[in-house]
Structures are given as structure tokens and as C-alpha cells.
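Accompanying notes for the structure given below.
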Protein chains: 2
Amino acid sequence: MSEQNTPRKRRGSGRATIHDVARLAEVGSITASRYFSDPSRVGQERSARIAAAAKQLAYVPNMVAGGLASSHGRVVGMVIPNISGPIFAPTIQSFSDTLNRHGYQLLLASSYFSAKQEESAVRAFLGWSPAALVVTGRFHNRTTEKLLATAGIPVVETWDYAPRRKPIQVGYSNHAVGEQAARYLVKKGYRRIAFVQNSLAGDLSAVDRSDGYAAVMREHGLEPHIYVPTAAAPFDAGRQAMEALSLANGSGKRPPPADAIIFANDNLAAGALLSGQRAGLRMPEQCAIVGFGDYAFSSLLLPSLTTIRPPGREIGEIAALRILEQLGVLPAPEGDTRLNLLECELIERESA
Amino acid sequence: MSEQNTPRKRRGSGRATIHDVARLAEVGSITASRYFSDPSRVGQERSARIAAAAKQLAYVPNMVAGGLASSHGRVVGMVIPNISGPIFAPTIQSFSDTLNRHGYQLLLASSYFSAKQEESAVRAFLGWSPAALVVTGRFHNRTTEKLLATAGIPVVETWDYAPRRKPIQVGYSNHAVGEQAARYLVKKGYRRIAFVQNSLAGDLSAVDRSDGYAAVMREHGLEPHIYVPTAAAPFDAGRQAMEALSLANGSGKRPPPADAIIFANDNLAAGALLSGQRAGLRMPEQCAIVGFGDYAFSSLLLPSLTTIRPPGREIGEIAALRILEQLGVLPAPEGDTRLNLLECELIERESA
DNA sequence: TTGTAGGCGTTATCAA
DNA sequence: TTGATAACGCCTACAA
């Protein structure tokens with residue numbers, strides 16, 4: 001016990017270091033280091049001694065020192081547009097959990113869909129020598145592009161899918177989602193199908209969806225009708241669209257412009273559903289509604305909302321797996337793992 | 001341009017270091033270091049030279065090296081029960097944003113309400129020499145307690161409030177929430193008020209709420225009636241409770257056991273609302289419903305759900321501010337900032 | 001399988 | 001206000 005001479009260093013965290021463990025275990029510190037990174041490379045006896053010493057000293061490896069020495073720490077940075085919205089949380093959750101399971105930690109920041117904020121988050125992360133970086137979408141400003149390209153670490157783009165780009169892609173096709181919704185409604189017999197765009201300009205993914213919708217419409221000889229609401233709040237915008245497209249048979253002669261509406265997201269759809277319901281509109285008979293996102297409330301609405309569920313959880317998990325493979329933590333599977341195109345599921349409920 | 005001799009080191013990240021900046025600016029590297037941590041401590045001329053050099057070299061400070069040298073990095077670890085539930089996301093969001101604004105990064109992990117997972121997350125964080133640590137709730141296992149106590153850094157407990165504990169507290173009183181809901185219903189004239197507990201055992205905060213409810217009931221000479229559903233899924237549990245407490249007037253003689261129900265959370269309340277609605281029950285006339293959580297869907301239900309909103313966003317922001325004050329990044333306000341008791345807001349909607 | 005030497009990029013310490 | 005020097009705790013390279 002009196003062995004434990006405390007040299008009272010002038011600096012330092014005061015916690016036990018790998019040297020303390022090695023000394024107590026009577027091995028070289030590099031042997032202790034090897035034990036912690038890959039126990040199979042250290043002999044039985046010493047392993048046992050090291051384990052005992054580590055336990056006795058409550059040793060916690062200093063990841064900062066390790067990161068500095070090896071020039072890449074066991075952290076992965078993720079920039080996500082926002083954390084508290086209904087969309088991205090499952091991605092963060094599954095991403096973080098998968099990383100943790102393999103000893104990596106998540107460094108998180110949000111961009112609020114701002115390229116400038118994304119850039120500053122990436123820059124801040126870079127200071128931590130992350131093992132990899134995850135960003136959302138394929139649109140970044142030039143500086144961010146350069147930072148990512150020269151970082152020399154795996155970069156993953158999530159929530160979008162751009163086969164020709166360099167980073168690993170994990171996402172789905174918004175264009176296909178638009179097609180999927182339109183095909184579904186066409187098959188159900190609807191013909192006057194409208195698409196309600198997000199009033200938030202800059203939601204490029206919604207534009208991709210409306211493109212897919214328009215393509216299918218034309219394919220069937222139907223006229224695409226894309227409505228862009230002006231109201232800023234999603235529920236209000238949804239109501240506004242509903243009034244314009246389905247409740248607006250003011251003259252009493254003409255049928256309303258739409259007998260089915262695809263919304264850019266479930267918030268818009270919910271606003272429309274509520275206003276339709278309050279106006280006594282029968283849905284889906286008089287007007288079918290399809291949303292996007294499968295938010296938590298979507299199954300609770302009356303009528304419950306038919307919507308398309310993006311694979312948020314899967315995106316997070318696959319992004320993490322691809323990174324761990326790139327880092328050599330997991331064995332690399334056969335074939336090209338750079339492109340990961342996932343499917344969205346159309347969830348058929350009452351509204352369409 | 002040919003000045004940029006690349007010394008091709010055998011190791012290292014390849015990025016520009018503070019020494020490169022200092023050399024280009026023709027100052028000592030320590031002066032450059034000072035410039036980045038507190039520009040006011042460096043003279044005008046040199047400051048300008050350093051700034052120019054940093055820009056030219058696209059210098060990104062290496063936080064890992066800085067963290068090692070100063071034995072505490074600019075990261076803060078947060079353990080939250082889960083990220084993708086409806087509850088904690090705003091806390092994470094505001095916490096992260098507030099930290100980022102002051103140059104600190106968020107290290108995130110989730111515990112899924114497991115003390116064991118919480119412990120391993122705290123342990124993992126400690127390896128990063130965080131500047132502070134945030135945990136959720138006041139119940140941890142003994143090891144976690146010890147780790148937190150001996151970490152020598154600010155520790156914040158959020159989402160609960162235990163004045164006598166050591167760490168900084170940022171939360172609200174679940175007991176008071178239970179009282180608040182009960183008082184509201186009593187004042188509205190309801191007398192047969194029941195409380196529906198979470199079927200998930202281990203949700204201790206919900207137990208605190210039911211205690212508060214029971215206290216108010218007794219205070220008014222009323223009999224507390226706490227119902228514990230057996231169904232595991234929240235919506236099912238809510239339906240089950242509704243059937244037992246309000247729709248169960250099978251004999252046709254006795255009035256149902258409850259004319260008002262407080263639910264442990266909005267998910268349960270939503271399940272109840274839906275089943276009540278499908279059974280043709282008029283709410284709140286025949287049965288008033290109060291939830292807890294103010295989830296995203298709560299305002300969209302029919303009738304819209306009267307509920308109590310916990311101050312999730314505020315918790316995150318205040319936790320971050322207290323930490324930054326403790327670290328000296330922000331000026332410390334007067335008085336005791338260790339205890340931060342926030343209010344929950346009762347949001348009056350249609351269901352009660 | 002184990003050990004030695006030295007460097008990773010920054011900041012604390014001390015002196016000027 | 002500025003700078004030289006020595007940690008910080010670990011890991012890579014190389015040797016035994």
C-alpha cells in the first residue's frame with residue numbers, strides 16, 4: 001500500500017494513467033496499452049494482472065491522449081438539421097447506439113438547414129480529430145465540401161442519395177417517394193391529384209418528391225398540379241391548401257380542383273385533415289390525403305393518416321455500420337458498400 | 001508559395017498546427033496560443049499577423065491536443081434516457097445549441113432508463129476529460145455516483161429536482177405536477193377523479209405525480225383512485241384504463257368510477273381519447289382527460305388534449321448556462337444557482 | 001510476446 | 001506583453 005507514492009504532479013487530471021496500471025501490474029506500459037486495445041495480443045498471466053490492476057485503480061483510459069497520439073480519436077461527428085423535430089431523432093438514436101456498442105462516441109451538432117451553421121459544425125468537429133463525419137443531405141457550401149474532402153476520414157451523407165458523389169451515401173430517393181405516392185393514388189382511381197409543397201423554401205427534398213409526383217402524373221396523361229401555400233406555420237399552410245384545393249367549390253358548379261392531395265409532410269397533411277374534418281368533408285371519399293414522414297401523431301388522427309415512412313432508424317444504423325467497417329472495426333462485407341439506397345414504406349391507413 | 005515547405009512528418013494529421021501559424025506570423029507559438037484563447041492578451045500588431053496566418057493556413061485548433069495539455073477539453077457529456085422519444089429532444093437541442101454558441105461540443109449517449117447503461121456512458125465520457133457532465137434524474141447506481149462525485153467537474157442533474165443532493169439541479173417537481181392536474185380538475189367541479197399510472201414499472205417520475213394527485217384528493221376529502229393498466233403498449237394501456245374507468249358502466253345502474261382522469265403521459269391519454277371517441281363518449285362532459293408531456297400530437301387530437309407541458313427546452317438551456325458559468329465562460333450571477341426549480345405549464349385545451 | 005524511445009499539438013509554468 | 005521549456009498520457013515505430 002505504501003508503494004502508492006503520489007508524485008503530486010503539477011498538472012494532470014489526477015486520475016490513474018496507463019502507467020500506473022502497468023506499474024501496479026508489473027508490466028511495461030505498452031503491454032498494458034496493447035491489453036486494452038486488443039487483449040489477445042498479451043499473454044494470459046499479464047492480462048490477468050493488468051485487468052486486476054485496472055480494476056483496483058478504477059482506470060479509465062484517457063481517450064484524449066490516445067486520440068492525440070494516434071491522430072484520430074474514437075469520436076464521430078454528426079451534423080443534423082435539427083434534433084427535436086419529428087424526423088431525425090430515430091437516426092441519431094440508432095447511430096449513437098450502434099457507435100457506442102463499438103466503443104465510439106457521438107459528437108452532435110445541428111445546422112437548422114443552414115449551410116453556414118453546417119460549416120461551422122464541421123469545422124468544430126474537425127478540431128476533435130474525429131474518426132469519421134456524418135452530414136445530412138448532399139447540399140453543402142463550398143468550404144464544407146473542401147473541409148470534408150480534405151479531412152482524410154470516412155464521410156457519410158445521409159437522408160439523401162446521390163450515387164455520383166464521393167462520400168458514402170445512406171438514404172432514399174425522394175423522387176421515388178413522390179412517384180410512390182402518386183402511383184398509389186392513381187391505382188386507387190384518383191385522377192385530380194394535387195401536390196402541396198412545403199411553404200418553407202429551401203426544402204429541396206420536398207421538391208424532389210414533387211418532381212417524382214409530376215413524372216408519374218404525366219406518365220398517365222394527367223395534369224400535375226403543384227400548390228405552394230404561403231402560410232408559414234405548417235398546420236396553417238395545410239389548411240390553406242385544403243381550402244384552395246378541395247373546399248373551394250364556391251361557385252357550386254365546378255368540382256374542386258383535387259380529389260386527392262399529396263402533402264410534402266405530415267404536418268401539412270394534419271393541418272389539412274383537421275380543416276377538412278371541421279368543414280365536414282368526408283375523407284377519403286371526397287378527398288384522399290397522403291402525407292410524408294409518419295410522425296408520431298399520424299396514426300392518431302381521424303381519419304388516420306396514410307403516409308410514407310422514411311427509414312430514419314435504418315439510416316442511422318447503416319451509417320454507423322459503414323463507418324465502423326471503413327475504420328476496420330467491423331469486417332468489410334463483399335461488394336460496394338458506398339451506395340446504400342433504402343426503401344420508404346407506404347403506410348396505408350384511413351385517409352387514402 | 002514555394003515557402004510552404006511540407007516537412008512530411010512521419011505522423012500527425014497533416015493539418016496546420018499552431019506552430020505553423022506562429023512561424024508564418026513570426027511570433028512564438030505560445031503567443032499564438034494566447035491569441036486563440038484570449039485575443040486581448042496579445043498585442044495589436046501580432047494579433048493581426050496571427051489572424052492572417054491562421055486564415056491563410058486554414059488553421060483549425062486541435063482540441064484533442066488542447067484537451068490533453070489542459071486536462072479538460074471543451075466537450076460536455078450528456079446522458080439522456082432516450083433521444084427519439086417525444087420528451088427529451090428539445091432538451092438536447094437547446095443544450096447543444098447553447099454550448100455550441102460558446103465553443104463547447106456535446107457528447108451524447110442514451111441510457112434507456114438503465115442505470116447500468118448510464119454508468120457505462122458516464123465512464124466512456126470520463127475518458128474524454130469533459131468539462132462537465134449532465135445526467136437525467138436523481139437516481140443512479142453507486143458506481144455512477146462515485147464516478148460523478150470524483151470527476152472534479154461540474155455535474156448537473158436534469159429533469160428532476162432534489163434540493164438536498166450535491167449536483168446542480170435543473171428540473172421541476174413531479175409531485176407538484178400531480179397536484180396541479182388534480183387541483184385543476186377539482187376546481188372545474190369534478191369529484192370522481194382517477195389517476196392512470198404508467199404500466200411501465202420503473203417510471204418513478206410518474207409515481208411522484210400520482211403522489212401529488214393523491215395528496216390533493218385527500219386534502220379535498222376525496223378518495224384517490226390510482227389505476228395501473230397491464231397492457232404494455234401505451235395506447236392499449238390508455239384504452240384499457242378508459243374502459244375500466246369510464247366506459248365500464250355495464251350494469252347500467254352505477255355511474256362509471258371516474259368522471260375525470262389524469263394520465264401519466266400523453267400517450268396513455270391519447271389511447272384513452274381515441275377509444276372514448278370511438279365509443280361515442282362525450283369528452284369532457286362525460287369524462288374529462290388530462291395528460292402529461294404535451295407531445296406533438298396532443299393539440300391535434302379531437303378533442304384536443306389538455307395537458308401539462310414540462311419545460312424541456314428550458315431545462316437544456318439552463319443546464320448549459322449553469323455549466324458555462326461554473327466554467328467561468330459566462331459571468332456567475334448573484335445568489336445560489338445550484339437549485340433551478342422550473343414550472344410546468346398546464347395547457348388548457350378541449351379535453352378538460 | 002514484450003520493451004524502449006520519441007513524438008502527437010497544445011497549454012501551464014516560469015522567467016524576461 | 002512575450003517567449004523557452006516541459007509536461008499532458010498515450011501510441012507508433014522499431015528492436016529484442
Side-chain angles (χ1 to χ4, degrees), chain A residues 7-23 25-50 54 57 59-75 103 126-129 131 152 328, chain B residues 7-50 54 57 59-75 103 126-129 131 152:
Chain A
R8 186 147 21 76
K9 299 154 190 165
R10 287 172 305 172
R11 285 158 54 165
S13 58
R15 294 202 323 251
T17 73
I18 203 169
H19 302 296
D20 299 327
V21 173
R23 201 177 312 129
E26 297 180 312
V27 300
S29 19
I30 193 60
T31 306
S33 170
R34 285 204 191 91
Y35 170 79
F36 290 115
S37 63
D38 181 5
S40 71
R41 300 190 54 189
V42 175
Q44 290 277 313
E45 275 187 47
R46 295 185 200 230
S47 287
R49 293 217 304 273
I50 294 169
L57 297 174
Y59 171 64
V60 178
N62 185 328
M63 306 305 283
V64 179
L68 179 58
S70 65
S71 79
H72 58 271
R74 289 172 178 284
V75 257
L126 251 21
W128 284 98
S129 306
Chain B
R8 189 152 13 80
K9 300 153 189 167
R10 286 174 305 172
R11 287 159 50 168
S13 59
R15 294 200 324 250
T17 72
I18 203 169
H19 302 296
D20 299 327
V21 174
R23 201 177 313 129
L24 185 58
E26 298 180 311
V27 300
S29 21
I30 195 61
T31 305
S33 171
R34 284 203 192 92
Y35 171 78
F36 290 115
S37 63
D38 181 4
S40 72
R41 301 190 52 189
V42 176
Q44 290 277 313
E45 274 187 47
R46 296 185 198 229
S47 286
R49 293 215 305 273
I50 294 169
L57 297 174
Y59 170 65
V60 178
N62 185 327
M63 305 305 282
V64 179
L68 179 58
S70 66
S71 80
H72 58 271
R74 290 173 177 289
V75 257
L126 251 21
W128 285 99
S129 306

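Every chain is numbered from 1 and lettered A, B, ... according to where its sequence line falls, protein lines coming before strand lines. This structure is a prediction, so every number in the text was calculated from the model and none was measured.
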Practice problem: Would you mind reading off the distance between B:Q44 atom CD and D:dT2 atom C1', rounded to a whole angstrom? | Solution: 16 Å

Exercise. State whether A:Y35 places a side-chain N or O below 4.0 Å from either non-bridging phosphate oxygen (OP1 or OP2) of D:dC11.
Key: no

Self-check item: Among D:dT2, C:dC8, C:dT11, the one nearest B:I18 by side-chain distance
Solution: C:dT11

Quiz item: To the nearest angstrom, how far is A:D20 atom CG from D:dC8 atom P?
Solution: 11 Å

Exercise. Could you work out which one of D:dG3, D:dC8, D:dC14 sits closest to the side chain of B:L68?
Key: D:dC8

Quiz item: Do B:R74 side-chain atoms and B:M63 backbone N/O form a donor-acceptor pair below 3.5 Å?
Solution: no

Quiz item: Between C:dT10, C:dT2, D:dG9, which nucleotide has the shortest distance from any of its atoms to the side chain of A:T17?
Solution: D:dG9

Quiz item: Within a strict 4.5 Å, meaning less than it, do heavy atoms of the B:N62 and B:T17 side chains meet?
Solution: no

Self-check item: Rounded distance (Å) that lies between atom P of D:dT1 and atom CD of B:E45
Solution: 14 Å

Quiz item: When all nucleic acid strands are considered with a 4.0 Å heavy-atom cut-off, which category describes A:Y59: base, sugar-phosphate, or nothing?
Solution: sugar-phosphate

Quiz item: Which nucleotide sits closest to the side chain of B:V42: D:dT2, D:dC11, C:dT10?
Solution: D:dT2

Quiz prompt | Minimum heavy-atom distance between B:G67 and A:V64, given as atom pair plus value | solution = C-CG1, 3.9 Å

Quiz item: B:A65 has a side chain; which of C:dT2, C:dG9, D:dG9 sits nearest to it?
Solution: C:dG9

Quiz prompt | Rounded distance in Å - CG (A:D38) to C1' (C:dT2) | solution = 15 Å

Quiz prompt | Contact under 4.0 Å: A:T31 side-chain N or O vs C:dG3 OP1/OP2 | solution = yes

Self-check item: Ring geometry between A:F36 and A:Y59 (parallel below 30°, tilted from 30 to 60°, perpendicular above 60°)
Solution: tilted

Quiz item: Mind checking whether B:Y35 and B:V21 have side chains closer than 4.5 Å, heavy atoms only?
Solution: no

Quiz item: Between C:dT10, C:dT2, D:dC10, which nucleotide gets closest to the side-chain atoms of A:A69?
Solution: D:dC10

Practice problem: Please state how far atom CZ in A:R23 lies from atom P in D:dC10, giving the value in whole angstrom units. | Solution: 12 Å

Quiz item: Which is true for B:V64 with a 4.0 Å heavy-atom rule: it touches a base, it touches only sugar-phosphate, or it touches nothing?
Solution: nothing

Practice problem: Among C:dG9, D:dT2, D:dG9, find the nucleotide with the atom closest to the side chain of B:R46. | Solution: D:dT2

Quiz item: Which whole-number value in Å describes the distance from B:H19 NE2 to D:dA4 C1'?
Solution: 12 Å

Exercise. Mind calculating the distance between CZ (B:R34) and P (D:dT2) to the nearest angstrom?
Key: 8 Å

Quiz prompt | Distance, rounded to the nearest Å, where B:H72 contributes NE2 and D:dG9 contributes P | solution = 13 Å

Practice problem: Please determine if a side-chain N or O atom of A:S33 lies less than 4.0 Å away from the OP1 or OP2 oxygen of D:dC11. | Solution: yes

